[in-house]
Amino acid sequence: MNFEDLKSALTREKFTRDFLVSLVSLVCGIILFVGFMFLGKIPGKGTDIFFLLQNLGYFFLLSSFFIGYAAVHRGNVFRDEKTVKPLVMQTLKKTHIILGILLGSLLAVFIVALVELIPVLLGYIPFAGPVIVALLSVPLFIINFTVILTVALVWIVAPPMVAEGTPLKKLPLDFYALVRRRGLIILAYTAIIIVVTGILFMPLLMAVRYSAGITRAVEWNIAPAYPQIFKSIMRPSYITDIITKIAPRTDPIAVLQEYGSNIFNYIEMLGNLLKLLYGIMMAAIVSFMGALFSNLLSLAYLRVKKDILK
């Protein structure tokens, strides 16, 4: 990965396209996530079906980021697909393969954990059993650590492989060949890219938090409708203190007399509207960073697979 590669990948026209592709993928993930959350409420909170649907929602939300990564990588490989529509449509045709691989990798972790329960049953042996289980800690830790790193490599490597059009039968062989020779390098590149994007994201996050705090202070008349969850996002500042002192005071008694008991439904409606609007803005910000991260990871993958995969 050199400066020329970065320059070609981060041009304004191309980055705008990658941002929109990432946004489309993320929005689809959010819709699925919200849908599974609503479905989970049907059987009721705390039930096994609720937790299953909740976890599926989280899976689709996280997977949408990696599907966007696959689409961005496809744009870096196939330069003729210059607009958002062909990239999205071509990636959509392979989405089921990517989701199947990602879900399969998570199921593999669960299966390994179930298999590990078998030798741990030796713990039923009086006195010697707990000692044997304790001695198994190191080998079990090594196995679990290896499995987790392998799953991480699957999530990093499989989406671009599928996006490039690697046949499903050939994909395990290519994955093994690449990981066997460059697995540690892939993990090292990924760690560096996460650190770099994280450092770049921090100033942006601070700007978002201060901006949200000022916005809430300026919107003094609907400030009570802001959901509690926003308090962890918004950050007060000297400006918000001044605005709060200047802005008129809301009279709860007068508001209650004007709206009656409907005030609570009205505040809830405003809160949902604010969640929607801020959700759209946050999705755009996350998509911006996602496009950057995906481009860097895609360039790293192209460099790592050179002379190994064709």
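Residue indices begin at 1 and follow the sequence shown. Only heavy atoms go into these numbers, but all of them, side chains included; no hydrogens, no water, no symmetry mates.
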Check your understanding: Any chance CD1 of I242 has more than 12 other-residue heavy atoms, nucleotides or ligands included, within less than 6.0 Å?
Key -> yes

Please examine the side chains of K306 and L302, heavy atoms only from C-beta on, and report whether any two atoms are closer than 4.5 Å. no

Q.
A quick test of your reading: do over 12 heavy atoms of other residues, nucleotides or ligands sit less than 6.0 Å from CG of L103?
A. yes

Inset, instruction - Taking S25 for its side chain and S64 for its backbone only, find out whether a donor-acceptor pair lies under 3.5 Å. - result: yes

Value for CZ (F230) from CD1 (I233), rounded to nearest 0.5 Å, stands at 6.0 Å

Under a single-linkage definition using a 4.5 Å side-chain heavy-atom cutoff for Ile, Leu, Val, Met, Phe, Trp and Tyr, are L107 and L102 assigned to the same hydrophobic cluster? yes

Worksheet item: Is the F145 ring parallel, tilted or perpendicular to the F141 ring (thresholds 30°, 60°)?
Response: parallel

Sorted by chain and residue number, the side-chain contact (heavy atoms from CB on, under 4.5 Å) partners of M281 (sequence neighbours excluded) come out as Y278

dist T11:OG1 -> R17:CZ (nearest 0.5 Å) comes out at 8.0 Å

Given the options V286, L200, V196, I193, F293 meets side chain to side chain contact (heavy atoms under 4.5 Å, CB included) only with I193

(Q) Taking V179 as the starting point, is it possible to reach V147 by hopping between hydrophobic residues whose side chains are less than 4.5 Å apart? (A) yes

When every non-hydrogen atom of A212 is compared with those of M234, the smallest separation belongs to CB-CG, 3.6 Å

**Message:** Other residues, nucleotides and ligands only: do more than 12 of their heavy atoms fall within 6.0 Å of CG on L114?
**Reply:** yes

Parallel, tilted or perpendicular: which fits the ring planes of F288 and F15, with parallel below 30° and perpendicular above 60°?
-> perpendicular

ask   = Is the closest side-chain heavy-atom distance between I186 and L178 below 4.5 Å?
value = yes

- Task: Answer yes or no: is there a side-chain heavy-atom contact under 4.5 Å between M206 and R235?
- Result: yes

side-chain hydrogen bond (donor to acceptor under 3.5 Å, both in side chains) test vs E164 passes for just one of H73, K94, R74, namely H73

Here the gap from F78 atom CZ to L87 atom CG, rounded to the nearest 0.5 Å, amounts to 10.0 Å

When rounded to the nearest 0.5 Å, the distance separating CD1 of I285 from CG of L26 is 11.5 Å

Taken in chain and number order and not counting sequence neighbours, the residues that satisfy ring pair (Phe, Tyr, Trp, His ring centres under 6.0 Å) with F51 are none

Interatomic distance, CG@L149 vs CG@L187, rounded to 0.5 Å, equals 6.0 Å

Testing the 3.5 Å rule here: is there a donor-acceptor pair between the side chains of S298 and N76?
yes

In terms of heavy-atom contacts, G123 and P130 come closest through O-CD, 3.9 Å

d(I67 CD1, T91 OG1) to nearest 0.5 Å is 9.0 Å

task = I would like to know whether L273 and M269 meet side-chain contact (heavy atoms from CB on, under 4.5 Å); could you show each step before the answer?
result = CA-CA 6 Å; L273 179 60; M269 181 198 72; 5.8 Å; no

Q: In sequence, state the C-alpha distance, the side-chain angles, and the governing distance for F60 and F33, and then conclude on ring pair (Phe, Tyr, Trp, His ring centres under 6.0 Å).
A: CA-CA 7 Å; F60 283 113; F33 172 74; over 10 Å; no

Flag the pair I214 / S237 as yes when at least one side-chain heavy-atom distance between them is below 4.5 Å, and no otherwise. yes

By side-chain contact (heavy atoms from CB on, under 4.5 Å), S105 pairs with (sequence neighbours left out) V151, V154, W155

L62-L153 co-clustered via ILVMFWY side chain contacts under 4.5 Å: yes

Quick one: does L39's side chain get under 4.5 Å of L56's, heavy atoms only? no

_I want to check something: taking the side chain as every heavy atom from C-beta on, are T95 and L92 in contact at a cut-off of under 4.5 Å?_
yes

*Take Y210 and T240 through the side-chain contact (heavy atoms from CB on, under 4.5 Å) test and state the conclusion after the steps.*
CA-CA 9 Å; Y210 279 114; T240 59; over 6 Å; no

(request) For atom CD1 of I239, decide whether the heavy atoms of other residues, nucleotides or ligands shown that lie under 6.0 angstrom number more than 12. (result) no

